[in-house]
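Below is one structure, written out as structure tokens; comments come after it.
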There are 2 protein chains.
Amino acid sequence: MRPTIKDVAKAANVSIATVSLVLHNNERISSETKRRVLKRIKQLHYHPSRSARGLVLSKIGNIGFIITEEHFLRTESFYTRVFLGTEFEAREKDNYVLLATISSSFKKGDPLPRFILERNADGILIVGKVPEAFIESIKKYNMPILFIDYLPPNGDFPGVLIDNERGGMLATEYLINSGHQNIAFIGGEISHPSIMERLHGYKLALEKANIINGNGLVVTNDENLSRQNGYRSAEKLFIQNKNVTAIFASTNATAVGVIQYLKDNNLNIPNDISLIGFDDVEADIMIDPPLTTIRVPKVKMGTEAVQLLLNIIKTETTTAKKIIVPIELVVRESIKNIN
Amino acid sequence: MRPTIKDVAKAANVSIATVSLVLHNNERISSETKRRVLKRIKQLHYHPSRSARGLVLSKIGNIGFIITEEHFLRTESFYTRVFLGTEFEAREKDNYVLLATISSSFKKGDPLPRFILERNADGILIVGKVPEAFIESIKKYNMPILFIDYLPPNGDFPGVLIDNERGGMLATEYLINSGHQNIAFIGGEISHPSIMERLHGYKLALEKANIINGNGLVVTNDENLSRQNGYRSAEKLFIQNKNVTAIFASTNATAVGVIQYLKDNNLNIPNDISLIGFDDVEADIMIDPPLTTIRVPKVKMGTEAVQLLLNIIKTETTTAKKIIVPIELVVRESIKNIN
DNA sequence: AATTTTTAGTTAAACGTTTAACTGAACATA
DNA sequence: TATGTTCAGTTAAACGTTTAACTAAAAATT
């Protein structure tokens, strides 16, 4: 049988209350006693029972991580890394992360993640775009909620977000500074607000540099599969447009599709076409030459999110604080300077 | 405040014991009372507290899912899908899955997943190859353990496994039946037993067909990144060997690398080279032509694993039962019949 | 020396379940 | 009629914590 607080108390010759106080670092306990108790705790490999603790505190130490199944299974490990970040921070703070997927076509009345119904989570992380109907459905449980990489159009929630607009600008400006003018934007899942914001950043940068080019250079397309999306979009772009010299691919999965298209059509990167991506590419994907990109701190998004959420839970405040994680331009070899 | 069993009892005019018995479908309760209680449960949105339940049953309803960080972050969604399977089945059986990653260079003394230390899981799923040192470290906690897609070399544990050998045979035999003789095997992470077994199946099939070709056709290589691995291995293969007509790539990530190599070297699939993979390819990866492959039921592996593990937990037996999930040859267009 | 304050604990109730042991009424049996 | 038996529940203890309220001893104050 696993040891309980009683066993520790007996071994250390104190009451169970003392053990509990030691566990919580209460200053009422002398350092001598503390030492003795701690020694026994270690010796017996004692760990307090979560159930017992949860029962009295009515706080379980779990946080829910909700994502659409589609996003979770994406070949890009974007959200997987975010998840890992949440796991790291949760562990640090003595919490567990419970992952649940929902359908991206969730509609009212569909079953909710069990940890919501059973209130087996102290708070909830909603990751990536989720259906509005889902958000509506869980509102009434009023658990603390925090969004990651998405904010619903209405309602004011806290969130951990990427500075997509600045990223879009950064990417575009870098292309402009490298002498490009005919810069195309290829958008993946354009209905995701993040992509919209990147597009907005792109437009802003062009405007600022007084470059006016028709909308023909912006190709969007809402297929689910980002790579095919990138491929098809590139195809579409080049049919209409022969003089593009640079492409801003709004995600790296899109970029991979674009690369395939360029390869299939004997267009060399960066000599014929310069290309910049968004999100650092997984090392596993072979891209030749290495892709210049905007790096997003995925793991950090997870850790920040958990920190903020736990804070909201602890202080029982309602906040709509937004944390914007910094992005970074990573220059590699996919862009040609044509100045 | 969330409703408790007391609230239900009061509303239904019974004792809390009755409510509990209704919850457990005890036949001691008349159907009339049962109906009344159930009605109130629904009305009040009552869900029993996990903490309270866990406390009295000393069984928490969590199962741990342990995987190396490296495997979890793989671009192939193989293990992600297995995870999803476990999640589905766990949910069905009123359990939660707690995921923890460990380092693939885990050594004695490294910190263990918290749910092991705290015994916050009733049983553990170990997924993919993990360091021997890790297995040694957790043995002493003697929690029920089940392996997925891996079995440690020593110790007799239950597991849910792929019939890799049969898969290797199936793939190779299909190539043979299509008239190929110079069939190469390109192995990804060859130190993973699964890959070894596929290789063994390959050899068996060749033997059975009386095809003798030197070991020059087997290229293995233990780089971590499967795609680069595939690329490099293909390179190596073709330097030594000019007359290969078919390749069996031991994983699909490897196959993708091989495809890139072939494309870069103007070798057409299937006209110049036939190719077969292993694991069904993610729809997102653009492969032209569609790849013939051995399909592995990933989600099913997860559900089966949870079923078996929960069974072991419930019956408190020690078993070393192995579940071999069926595989399937999926014929698409990457193989040329040269008979 | 008597009183008050501080220190370093202890006692006991509470959290929400499960379930063995009990009970009282209705029914069956001799 | 007296006595079992079955039915349909109820009572109460137990699970392992936390923490407010209490206490006994030591230290400080008058």
Side-chain angles (χ1 to χ4, degrees), chain A residues 1-38 40-41 44-62 94-96 115 117-122 314, chain B residues 1-41 44-62 94-95 115 117-122 314:
Chain A
M1 226 36 238
R2 73 184 267 191
T4 74
I5 200 171
K6 274 185 200 162
D7 301 313
V8 176
K10 207 170 292 173
N13 241 303
V14 293
S15 72
I16 62 163
T18 302
V19 178
S20 179
L21 293 173
V22 167
L23 244 22
H24 292 87
N25 237 309
N26 190 302
E27 78 286 326
R28 211 152 75 228
I29 307 298
S30 73
S31 53
E32 154 59 10
T33 307
K34 199 176 278 184
R35 205 190 46 68
R36 232 173 52 236
V37 171
L38 252 19
R40 296 309 186 163
I41 287 179
L44 296 173
H45 297 294
Y46 168 72
H47 287 268
S49 144
R50 295 221 137 219
S51 302
R53 217 174 230 187
L55 184 54
V56 23
L57 300 181
S58 64
K59 189 235 168 226
I60 17 262
N62 292 339
D94 225 27
N95 268 259
Y96 289 99
F115 54 70
L117 299 174
E118 297 185 341
R119 283 206 160 56
N120 190 30
D122 302 320
K314 200 167 69 186
Chain B
M1 226 35 243
R2 75 184 264 190
T4 73
I5 200 172
K6 275 185 199 162
D7 301 314
V8 177
K10 207 170 293 172
N13 243 304
V14 293
S15 71
I16 62 164
T18 301
V19 177
S20 179
L21 292 174
V22 168
L23 244 21
H24 292 85
N25 236 310
N26 191 303
E27 76 286 328
R28 212 153 72 230
I29 307 298
S30 73
S31 53
E32 153 60 9
T33 308
K34 199 175 280 183
R35 207 189 47 67
R36 232 172 55 235
V37 171
L38 252 19
K39 183 179 135 202
R40 296 309 185 163
I41 287 178
L44 296 173
H45 296 294
Y46 168 73
H47 286 269
S49 144
R50 293 221 139 219
S51 301
R53 213 172 233 190
L55 185 54
V56 24
L57 299 181
S58 64
K59 191 241 170 219
I60 18 265
N62 293 339
D94 222 28
N95 268 259
F115 54 70
L117 298 173
E118 298 185 339
R119 284 205 162 56
N120 190 30
D122 303 321
K314 200 168 69 186

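In what follows, chains are A, B, ... by sequence order, proteins preceding strands, each numbered from 1. FYI, side chains are in, hydrogens and waters are out, and symmetry mates aren't considered; it's all heavy atoms of this structure.
- Within 6.0 Å of atom NZ in B:Lys34, more than 12 heavy atoms from other residues, nucleotides or ligands are found, so the atom counts as buried in its surroundings.
- Remark: side-chain polar atoms of B:Arg36 are paired, donor with acceptor, to backbone N or O of B:Ala12 under 3.5 angstrom.
- A distance of 5.0 Å separates CZ of B:Arg28 from CG of B:Asn26, quoted to the nearest 0.5 Å.
- Heavy atoms of A:Ser15 sit under 4.0 angstrom from at least one base atom.
- Rounded to whole angstrom, the span from the CD1 atom of B:Ile29 across to the P atom of D:dT6 amounts to 18 Å.
- Phosphate proximity of C:dG9 to A:Ser30: present, with a side-chain N or O under 4.0 Å from OP1 or OP2.
- Contact annotation: side chain of B:Arg28 to base of D:dT10, donor-acceptor pair present below 3.5 Å.
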The contact string for nucleotides 12-19 of chain D, one letter per nucleotide 5' to 3', using protein heavy atoms under 4.0 Å with B, S and - for base, sugar-phosphate only and none, comes out as ---BBBBB
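- Annotation: the span from A:Thr18 atom OG1 to A:Ile5 atom CD1 amounts to 9.0 Å, rounded to 0.5 Å.
- For the pair B:Asn62/B:Phe115, no side-chain contact is recorded, criterion being any heavy-atom separation below 4.5 Å from C-beta on.
- You'll find the side chain of A:Arg50 reaches within 4.5 Å of the side chain of A:Asp94, heavy atoms only.
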